[in-house]
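I have placed the structure first, in the form of structure tokens, so that the comments after it can refer back to it.
Throughout, residue positions are numbered sequentially from 1 according to the sequence presented.
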Amino acid sequence: ISLLNIGAMCGLGMILPLWLYFAGALFIFNMVGLFSFIAAGYGVWPSVGLVCSLAEAAPSEVDEFVTLSRIGLIIGANAAILLFSYALRRALPRLRLWHLLVCILLIMGSDKFPAQIIQEEARQAIQWPLDFISPPVRDSVRYFIHERPKIAMLLRLKSPACLSAKRLSNDPLIVVYVMGESARADHFGIYGYARDTTPRLSKRKNLIVYKDVTSFAAWTRESTIGLLTNADMEHRTPTLGSFVDVYKANGFENYAYTNRLKPNWNDLSFELLTRSETKRIYVSGLDKNSIPVFEQYMNAGGKLQFHIFYTNGNHIDYNVRYPRSEAHYLPDDYENVPENIAPQARINAYDNTVIYVDGFIDDIIASLEKKNAVLLYTSDHGESLGEEGRLLHGNMDAPEQRFVPFIIWYSDEYARLNPRKVKSMLEKVNQPISHDYVFHTMLGLADFKTKARKRDLDLTLTPRVNAQAEP
């Protein structure tokens, strides 16, 4: 944190009552420090989305960042600021008005003032301290004013099942939807990556791989809304709730599997938008731990089943997302290696998670082969692995954080019963698509006739059908 920022916090300590200083100025000081640390270390520029991720992260997601040395640094910095501010307050009991104005300027900053003095590139190179005073305050306020109320909005959404949704087919069907996490398509072997990170899926028949897919957002909370509701890139606020409701209303047994803590703030969108499921199953540990449970419910279930997986996937900490026996690329400990080795170790660990996800998806498919079944897999967002100094996710302008895998697998029986759907899906593999297609395609895969389903965003509809009536 720059000396200028520290000076601003000290100035506040001289002006405000002590209790207000503790509650306000110290909070701002720590937010500034946190934003500066993330921007400098991971190339993630301050934004409301970053505040969402920080405020709603599960404890397991921040383990990598919480170390004894960093905790000590935070405590020491706060103690130093408090002591210094107290000493100044005692030494200078009376302040002139200009002191107050300077402190306000330093705390609130100005988005335009620095841009008039230096170029945007220099601002984003983290060389202008005023830029790290304004965004933490501004974006934190925006989070509480605009983002937190989204919870109430999600609760009020009208169910798409209210729009007279009806399934046209009477055939037994199992539909599986796998929501990946932090998967970037260009590190999947089936997308042309140099490493063979998808050895099992690359050999799977009936696998459709869409080549050009853009995520709804670059962080989980926002993307989940795009993955489950009718929100799209142009209209980011949904008007209808989750397509899961339609499955439930049409006699499907709904099952949701997750290995995240139950429930936690980071899962808010998922928790709220899958409320109609019959059973929610929490499975601890690795993603594959949920497969035996899935097989048990699938084999004991009825003719119509819908299963949704909410996975840890490729989320940081990468090297704990797979067992050590499946660490194909080494070294993969990017925290405890020399600085010149760490970037490649990080990539090795990430690629190992892709291989694990490949096996996870293929294991599910193996359980469905002999049934009338279809599976859709996509990821909430991608991940940066060092591009232009960026790491992790949360940057809507980073292409590697928006390019995600989008895969549909269908059984032989599904192809026999739905030849037109399969033909349409195969014809669109090279068409640029996005998460906008998920809601409508999930309705199309199960053959639901409903006004909620947009023909131009449904991959199961052929051009001929698009031009006429919905099947």
Backbone of Ile190 reached by a side-chain donor or acceptor of Thr198 within 3.5 Å: yes
In terms of ring plane angle, is the pair Phe360 and Phe309 parallel, tilted or perpendicular, where the classes change at 30° and 60°? perpendicular
With a 3.5 Å distance limit and no angle check, can you tell me whether Asn319 reaches the backbone of Ala349 through a side-chain donor-acceptor pair? no
Less than 3.5 Å apart, any donor N or O on the side chain of Thr239 or Asn230 sitting next to an acceptor on the other? yes
Please report the shortest heavy-atom distance between Thr229 and Leu240, naming the atom on each side. CB-O, 3.4 Å
Should the pair Tyr247 and Phe252 be assigned to parallel (<30°), tilted (30 to 60°) or perpendicular (>60°) ring geometry? perpendicular
Measure from the side-chain N and O atoms of Tyr191 to the backbone N and O of Tyr210, and report whether any donor-acceptor pair falls under 3.5 Å. yes
Examine distances only and state if a side-chain atom of Asp358 and a backbone atom of Arg200 form a donor-acceptor pair shorter than 3.5 Å. yes
Side chains of Lys203 and Asp362, heavy atoms from C-beta outward: is any pair under 4.5 Å? no
For a quick test of reading the model, state the closest non-hydrogen atom pair linking Pro323 to Tyr356 and the distance between them. CD-CE1, 3.6 Å
Taking the side chain as C-beta and beyond, is there a heavy-atom pair between Asn206 and Val422 under 4.5 Å? no
Do the side chain of Thr441 and the main chain of Leu459 share a donor and acceptor less than 3.5 angstrom apart? yes
Between Asn259 and Asp287: side-chain donor-acceptor atoms closer than 3.5 Å: yes
Please confirm whether the backbone N or O of Ala373 pairs with a side-chain atom of Ser411, one donor and one acceptor, at under 3.5 Å? yes
Side-chain contact test, heavy atoms from C-beta onward, threshold under 4.5 Å: evaluate it for Arg453 versus Thr460 and give yes or no. yes
Between His307 and Val178 (side chain of the first, backbone of the second, donor and acceptor by atom type, cut-off under 3.5 Å), is there such a pair? no
Counting N and O atoms only, with roles assigned by atom type, does the side chain of Asn254 sit under 3.5 Å from a partner on the main chain of Val244, one being a donor and the other an acceptor? yes
Given the options Ile316, Asn348, Ile347, Tyr334 meets side-chain contact (heavy atoms from CB on, under 4.5 Å) only with Ile316
Where do Arg204 and Glu369 land on the salt bridge (Lys or Arg N to Asp or Glu O under 4.0 Å) test, with the steps shown first? CA-CA 11 Å; Arg204 265 290 163 196; Glu369 279 185 295; 2.7 Å; yes
Over-ring placement of Arg195 relative to Tyr329, 6.0 Å and 45° cut-offs: yes
Any side-chain donor near an acceptor of the partner, Asp351 and Thr197, under 3.5 Å: no
For the backbone of Glu181 and the side chain of His315, can you confirm whether one donor and one acceptor N or O come within less than 3.5 Å of each other? no
So do the side chains of Tyr255 and Ile308 get within less than 4.5 Å of each other, counting heavy atoms only? no
On the six-membered ring of Tyr318, is Arg346 placed so that its NZ or CZ lies under 6.0 angstrom from the centre and within 45° of the ring axis? no
Just checking, any donor-acceptor pair under 3.5 angstrom between side chains of Thr353 and Asn314? yes
Would you say the side chain of Gln431 lies within less than 4.5 Å of the side chain of Asp212, judging by non-hydrogen atoms? no
pair Met179-Leu227: side-chain heavy atoms closer than 4.5 Å: yes
Within the distance-only criterion (no hydrogens, no angle test), does the side chain of Asp458 pair as donor or acceptor with the backbone N or O of Lys454 below 3.5 angstrom? no
Check each of His393, Arg390, Arg184 against Glu400 using the side chain to side chain donor-acceptor pair (under 3.5 Å) test, and report the only one that passes. Arg390
What I'd like to find out is whether the side chain of Tyr322 reaches to under 4.5 Å of the side chain of Asp332, using heavy atoms alone. yes
is_close_aromatic(Phe406, Tyr437), centroid dist under 6.0 Å: no
Do Ile364 and Ile291 make a side-chain contact, defined as non-hydrogen atoms from C-beta onward lying under 4.5 Å apart? yes
